[in-house]
Amino acid sequence: MSDNTILPKKPDTALILLGCPQVPIQTSAALYLSGMLRKKDVAVTIGGTKAARALLEIADIDQIYTGKIQDIDAVINAMADKTFDADVSLVLVHNEAGVAYAATIQALTSGTVVAVVFGGETLARMNELKETGCPAIFAQGSHNPLPLKRKIDEVISWDA
């Protein structure tokens with residue numbers, strides 16, 4: 001079963017946005033998302049905080065899964081300056097700051113924003129995200145990445 005309603009067709013470009021990596025599954029979810037998109041020939045840019053970038057760079061030293069990784073503020077500034085945009089922006093959300101990032105990207109992009117919500121307070125985050133109007137996928141939990149992986153697979157279900 002797949003949910004093609006959030007992303008009905010394959011984008012050409014994608015942004016994965018990462019805030020502070022307080023929840024363990026953020027790094028694995030970002031690596032998985034980026035790897036799946038790149039396998040489907042989507043050009044991926046990852047924007048993240050210094051700690052989030054460091055975790056990805058150490059985990060994927062040869063950039064097999066990640067590709068281009070940039071500072072989160074540089075990505076947001078480039079979007080505000082209209083020098084960067086993406087067909088789809090996947091914002092990983094586990095706290096209020098993640099909701100704010102999703103709202104910011106929603107205001108700046110001409111593409112689709114999808115909130116990828118996880119952690120112990122997913123219901124609260126989902127309620128906060130209603131105001132942004134961006135679609136969301138979510139899975140409870142902070143440590144086991146498999147429920148979130150299944151949700152990601154439902155959204156990224158088109159063939160390459």
Side-chain angles (χ1 to χ4, degrees), residues 3 6-7 11 13-37 42-60 63 65-152 154-156:
D3 182 357
I6 293 176
L7 290 177
T13 59
L15 168 66
I16 299 171
L17 203 71
L18 309 169
C20 196
Q22 298 167 327
V23 179
I25 67 172
Q26 176 173 281
T27 301
S28 61
L31 285 168
Y32 183 73
L33 257 174
S34 182
M36 288 301 295
L37 289 166
V42 176
V44 177
T45 298
I46 298 174
T49 63
K50 184 176 182 179
R53 292 191 324 268
L55 285 169
L56 292 174
E57 290 164 351
I58 289 169
D60 188 24
Q63 297 180 331
Y65 303 105
T66 54
K68 189 176 190 177
I69 301 174
Q70 298 182 1
D71 175 71
I72 194 168
D73 293 325
V75 170
I76 291 171
N77 288 338
M79 291 180 92
D81 294 343
K82 305 288 187 215
T83 57
F84 172 78
D85 203 356
D87 296 332
V88 63
S89 296
L90 299 137
V91 181
L92 278 70
V93 175
H94 63 87
N95 59 20
E96 291 171 351
V99 173
Y101 283 132
T104 299
I105 299 303
Q106 180 79 4
L108 296 175
T109 187
S110 63
T112 301
V113 177
V114 178
V116 180
V117 185
F118 55 93
E121 298 180 13
T122 56
L123 186 57
R125 299 298 82 85
M126 293 298 290
N127 286 332
E128 293 164 357
L129 281 163
K130 285 181 185 175
E131 294 178 28
T132 69
C134 68
I137 59 173
F138 68 95
Q140 286 279 41
S142 308
H143 294 87
N144 181 0
L146 293 178
L148 187 57
K149 176 205 173 290
R150 285 191 284 276
K151 295 291 186 170
I152 290 168
E154 289 176 11
V155 173
I156 302 176

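What's counted below: heavy atoms across the whole structure, side chains too, no hydrogens, waters or symmetry copies. None of the values given here were measured: they were computed from a predicted structure.
Using a 4.5 Å cut-off on side-chain heavy atoms (C-beta onward), I69 and E57 make contact. Side-chain contact between V91 and L15: absent, with no pair of heavy atoms (C-beta onward) separated by less than 4.5 Å. Using a 4.5 Å heavy-atom threshold, the side chains of S34 and I46 count as touching. M36 places none of its side-chain heavy atoms less than 4.5 Å from the side chain of V42. You'll find the side chain of L37 reaches within 4.5 Å of the side chain of L90, heavy atoms only. Between T66 and L31 there is a side-chain heavy-atom pair separated by less than 4.5 Å. Using a 4.5 Å heavy-atom cutoff, the side chains of T132 and V113 are not in contact. Looking at heavy atoms from C-beta onward, V116 lies in side-chain contact with L148 at the 4.5 angstrom threshold.
Taking NZ from K68 and CD1 from I16, the interatomic distance works out to 14.0 Å, rounded to the nearest 0.5 Å. Here the CZ-CD1 distance, from F118 to I137, works out to 10.5 Å after rounding to the nearest 0.5 Å. Between atom CD of residue Q70 and atom CD1 of residue I76 there is a gap of 11.5 Å, rounded to the nearest 0.5 Å.
In Y32, the OH atom is crowded: over 12 heavy atoms of neighbouring residues, nucleotides or ligands sit closer than 6.0 Å. Other residues, nucleotides and ligands contribute at most 12 non-hydrogen atoms within 6.0 Å of the OH atom of Y65.
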Practice problem: Any chance you could lay out the side-chain contact (heavy atoms from CB on, under 4.5 Å) test for V114 and C134, step after step, and finish with the verdict? | Solution: CA-CA 6 Å; V114 178; C134 68; over 6 Å; no

Practice problem: Could you walk me through whether V88 and L7 pass the side-chain contact (heavy atoms from CB on, under 4.5 Å) test, one step at a time? | Solution: CA-CA 8 Å; V88 63; L7 290 177; 3.6 Å; yes

Practice problem: Evaluate side-chain contact (heavy atoms from CB on, under 4.5 Å) for S89 paired with T112, printing each intermediate quantity in order. | Solution: CA-CA 6 Å; S89 296; T112 301; over 6 Å; no

Quiz prompt | Working for side-chain contact (heavy atoms from CB on, under 4.5 Å), residues E96 and E128 | solution = CA-CA 8 Å; E96 291 171 351; E128 293 164 357; 3.7 Å; yes

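Side chain of N144 to main chain of L146: a donor-acceptor pair is present (N/O by atom type, distance under 3.5 Å, no hydrogens or angles). Here the side chain of S28 pairs no donor or acceptor atom with the backbone of P145 at under 3.5 angstrom. Looking at H94, its side chain never comes within 3.5 Å of a backbone N or O of G120 through a donor-acceptor pair. Proximity of a side-chain donor or acceptor of D60 to a complementary backbone N or O of L56 within less than 3.5 Å is not detected. Not one N or O on the side chain of R125 forms a donor-acceptor pair closer than 3.5 Å with the backbone of V117. A distance-only check finds a donor-acceptor pair linking the side chain of T13 to the backbone of D87 [under 3.5 Å]. Checking side-chain atoms of T104 against main-chain N and O of A100 turns up a donor-acceptor pair under 3.5 Å.
Counting all heavy atoms, side chain and backbone alike, L129 lies closest to A102 at CD2-CB, 3.9 Å. The two atoms that bring M126 and F138 nearest to each other are CE-CD2, 3.6 Å, heavy atoms only. Summarising the geometry of Q26 relative to A52, their closest heavy-atom pair is NE2-CB, 4.0 Å, with the distance given to 0.1 Å.
Here D85 pairs with nothing under the salt bridge (charged side-chain N to carboxylate O under 4.0 Å, His left out) rule; sequence neighbours left out.
Checked options L18, L92, I72, V93; the residue passing with Y101 is I72 (criterion: side chain to side chain contact (heavy atoms under 4.5 Å, CB included)).
Salt-bridge check for D71 with K50: failed, with every basic side-chain N at 4.0 Å or more from each acidic carboxylate O.
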